[in-house]
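Because only heavy atoms are used, hydrogens play no part in the values below, and waters and symmetry mates are left out as well, while side chains stay in. In what follows, every chain begins at residue 1, and chains take the letters A, B, ... in the order their sequences are listed.
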Amino acid sequence: MTTAAEIAARAEREDIRKRWLLSTPALVIIFLAGIGPLLVVVLYSFLTPGPYGDVKWEFSTDAWIGVFLQRDMFDDTLGIADAHLSIFLRSVRLSFATTILTLIFGFPTAYFIATRPERTQALWLFVITIPFWTNLLIRTFAVQEVIRNEGILNNALIWLGITSTPIQILYTDWAIGIGMVYVYLPLMVLPLYASMEKLDFRLVEAGYDLYATRFQVLRRIIIPLVKPGIIAGSILVFIPSLGAYVTPRVLGGGRQMMLGNLIELQFGAGRNWPLGAALALTLTVIVTVALLFYVRYAAQSEQRHG
Amino acid sequence: MPATPDRNAIDVRSVSKIFGSGADRVAALDNVSVVIRENEFFTLLGPSGCGKTTLLRLIAGFDFPTEGQILLHGQDIAPLPPFKRPVNTVFQSYALFPHMTVAQNIGFGLEMLGKPMDEVTARVDQMLKLVKMEALRNRKTSQISGGQQQRVARARALAPQPKVLLLDEPLSALDYKLRKEMQIELKRLQHETGITFIFVTHDQEEALTMSDRIAVMSSGKILQVGSPWDIYDKPSERFVADFIGETNFLTAKVEPAEGGKANAILSSGKVISATVAESLVPSGEATIVVRPEHARVVKGEGHLPGVIDNIVYFGTDTNIHVRLDDGGAFIVRQQNTRSAGCGFELGEHVGILIADAAAQVLKD
């Protein structure tokens with residue numbers, strides 16, 4: 001005889017089994033696309049480079065040492081890998097600057113769109129996403145065309161008499177910065193817009209009613225309320241900026257490398273896959289640390305307001 | 001209180017507000033003039049779309065008039081932005097800041113005015129006490145009930161001690177019982193603070209119970225301004241009479257009589273005495289109004305004969321619907337007594353007796 005309790009227990013077990021079955025596709029994708037490749041990269045970073053790329057299946061920590069240190073060519077002593085360090089620093093610096101600049105340009109843009117009548121909002125969003133239809137490489141070459149020494153920008157500056165000789169922008173950090181701000185701006189605008197679109201503008205009116213000036217309304221009411229959008233936008237811009245590859249390659253001319261280019265170099269001409277894997281993991285760690293820091297900060301300021 | 005030569009808090013002078021242009025042009029306010037006195041509970045009453053909220057927004061500074069002036073204690077404030085006007089608003093949606101606590105919401109205005117922190121705190125405490133919310137000072141505004149939110153909204157708007165408090169249908173989101181409580185609380189608050197209140201509502205009952213004076217609005221115009229008693233008993237126009245309470249409209253021949261009154265000859269040939277709105281000289285055909293409680297149903301002929309159509313019991317009162325012999329309809333409200341029944345039956349031939357001077361001659 002089965003009691004009611006047994007029937008209920010069996011039904012529950014069946015329910016649990018069904019739930020696992022239903023979530024299998026998601027788990028498979030998470031493993032195959034996410035955790036699996038990451039494990040492969042971790043494995044490769046502890047192997048020895050093969051002569052023509054690829055890896056030899058011999059354990060080695062050389063790759064990890066090579067991330068931070070380099071062996072002197074003459075006396076074989078280990079010193080800090082200045083080249084790598086400066087590339088790390090440039091990557092973080094440029095990504096940070098890109099995030100701040102896209103925020104500065106993106107915030108008013110998103111606010112403008114969110115305050116349009118509903119019909120025109122869709123049109124403005126459409127305009128924002130148009131650049132996505134063009135290949136990234138082509139867009140980047142277009143930026144190169146604008147900022148090169150005989151380009152539109154320099155010609156205009158000379159014509160206006162602001163400068164007599166072209167300003168060297170291309171192949172500098174400035175060029176990479178300009179390119180990344182241009183490329184990643186929509187990634188900032190869209191989440192900002194999503195937040196602002198939900199903003200109750202009656203709160204803005206209430207702010208004005210209670211003697212807040214425009215700036216105070218922005219600082220005390222709008223910014224705290226659209227903070228989720230600011231955080232999402234910053235993350236969406238900062239992370240791909242750190243790993244940016246095409247933009248620094250085209251606009252930095254190979255001399256001003258970023259992490260993405262350094263990693264690509266190891267898998268290509270450098271023929272040092274383990275070092276490439278170790279560098280890629282270093283990038284992942286930097287991103288994770290930056291994210292943790294950001295989330296921490298966001299939670300703290302949330303408490304302070306609370 | 002500074003001694004002002006005129007005791008006008010707000011003086012709206014020939015204000016028009018036009019939205020859109022060309023074919024979409026809408027005059028939300030059409031040459032409106034009204035004076036709101038100091039320390040007054042003034043209500044803008046009208047159906048939705050009549051322009052009452054637009055007028056309130058013009059006074060608050062969220063919109064600017066297309067034409068005309070708005071004076072606050074004699075000074076033109078029409079061009080000033082909202083944050084430079086000593087006027088605060090209680091919003092229909094309350095518009096409390098969701099990222100701040102109750103206390104932070106109430107202190108916001110004072111903080112923006114640059115008051116020192118200890119003064120802000122003291123004033124916030126005082127306001128919390130006034131609206132009986134001391135226990136909830138550190139709650140987020142999303143964690144309190146609708147009635148409590150309404151109280152916070154009120155405290156927040158009163159904290160900076162505005163010259164005029166604007167209230168945009170602040171009770172419409174509350175249930176009936178709470179609304180009744182809040183009506184009394186608001187009235188008491190206005191009395192205690194002595195601040196001029198401008199209250200916007202579409203609820204005629206709310207307007208009658210709370211206001212010192214009421215302006216009835218329709219289609220961007222103010223039709224009549226007066227005390228609740230004036231508005232109810234002496235409506236000047238059909239719209240006002242119809243919008244406020246139940247009313248019987250009758251067509252009659254009117255002629256002037258002594259004491260500014262008029263004689264109205266009804267369809268039955270009977271003559272009754274009627275009051276007349278100021279500046280109106282009654283003559284010829286006119287519409288007169290009689291409130292249901294100002295008439296009685298009698299056995300016999302009365303002023304107007306008819307047949308009882310329907311009898312509706314209300315608890316305190318009973319409405320008797322009479323189909324008049326001239327084809328019109330007439331409702332009489334009579335108070336119920338303990339003795340059962342209203343004393344009449346459906347289909348009974350009766351007469352309607354209108355109280356002396358209870359009828360009012362309308363403009364149109």
Side-chain angles (χ1 to χ4, degrees), chain A residues 103 107 110-111 114-121 123 191-234 294-306, chain B residues 20 24 53 56-57 59-63 80-115 120 138-143 149 152-153 155-162 164-168 170:
Chain A
L103 185 59
F107 197 92
Y111 191 82
T115 48
R116 291 312 97 188
E118 226 159 277
R119 276 175 304 138
T120 32
Q121 283 187 14
L123 182 75
L192 275 179
Y193 163 79
S195 257
M196 283 181 193
E197 190 247 350
K198 274 183 271 164
L199 180 68
D200 181 356
F201 282 92
R202 287 172 297 191
L203 297 176
V204 174
E205 271 186 358
Y208 287 136
D209 188 61
L210 292 162
Y211 312 107
T213 59
R214 282 166 203 288
F215 178 72
Q216 284 167 325
V217 165
L218 176 71
R219 200 172 65 85
R220 298 291 305 272
I221 295 164
I222 299 175
I223 289 180
L225 289 173
V226 301
K227 208 159 78 188
I230 296 175
I231 292 174
S234 302
Y294 211 116
V295 169
R296 232 302 175 44
Y297 165 79
Q300 256 172 12
S301 67
E302 183 76 18
Q303 263 170 5
R304 214 176 314 130
H305 278 289
Chain B
D24 296 332
T53 297
L56 199 76
R57 290 175 61 82
I59 297 172
F62 301 136
D63 281 314
L80 293 181
F83 52 84
K84 290 196 178 150
R85 300 182 184 205
V87 166
N88 290 125
T89 308
V90 178
F91 293 85
Q92 183 170 14
S93 60
Y94 312 142
L96 297 177
F97 304 127
H99 56 298
M100 297 181 197
T101 62
V102 166
Q104 284 168 333
N105 263 281
I106 296 174
F108 188 83
L110 295 162
E111 218 184 301
M112 291 300 113
L113 284 171
K115 301 280 184 218
V120 174
N138 290 324
R139 288 278 188 91
K140 280 267 169 88
T141 54
S142 54
Q143 296 166 332
Q149 288 181 4
V152 175
R156 185 179 72 172
L158 279 172
Q161 288 174 300
V164 175
L165 186 74
L166 308 175
L167 303 107
D168 185 8

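With a threshold of 4.5 angstrom between heavy atoms, A:Ile221 approaches chain B through its backbone and through its side chain. Proximity to chain A (any heavy atom under 4.5 Å) is restricted, for B:Arg57, to the side chain, taken from C-beta onward. The contact between B:Arg156 and chain A is made by backbone and side chain atoms together, counting heavy-atom distances below 4.5 Å. For chain A, the nearby part of B:Leu96 is the backbone; its heavy atoms alone come within less than 4.5 Å.
Considering only residues two or more places apart in sequence or on other chains, B:Tyr94 meets the side-chain hydrogen bond (donor to acceptor under 3.5 Å, both in side chains) condition with none of them.
Side-chain contact between A:Tyr111 and A:Leu218 is absent, with no heavy-atom pair separated by less than 4.5 Å. Counting only heavy atoms from C-beta outward, the side chains of B:Phe97 and A:Leu225 never approach each other to under 4.5 Å. In this structure, the side chains of B:Met112 and B:Phe83 stay at 4.5 Å or more apart for every pair of heavy atoms.
Ranked by heavy-atom pairs under 4.5 Å with chain A, the list B:Ser93, B:Ala60, B:Pro81 is led by B:Ser93. Note on B:Val87, B:Leu110, B:Asn88: by heavy-atom pairs under 4.5 Å with chain A, the leading option is B:Asn88.
Taking each heavy atom of B:Gly109 and B:Pro160 in turn, the nearest pair found is CA-CG, 4.3 Å.
Here the side chain of B:Asp168 pairs no donor or acceptor atom with the backbone of B:Gln92 at under 3.5 angstrom.
Here NZ of A:Lys227 is found 6.0 Å from CD1 of A:Ile231. Values are rounded to the nearest 0.5 Å. Considering CG of B:Leu167 and OG1 of B:Thr89, their distance stands at 8.5 Å, rounded to 0.5 Å. Interatomic distance, OH of A:Tyr208 versus CZ of B:Arg85, reported as 14.0 Å (0.5 Å rounding).
Taking 4.5 Å as the heavy-atom cut-off, the residues of residues 192-203 of chain A that approach chain B are A:Arg202, A:Leu203, ordered by number.
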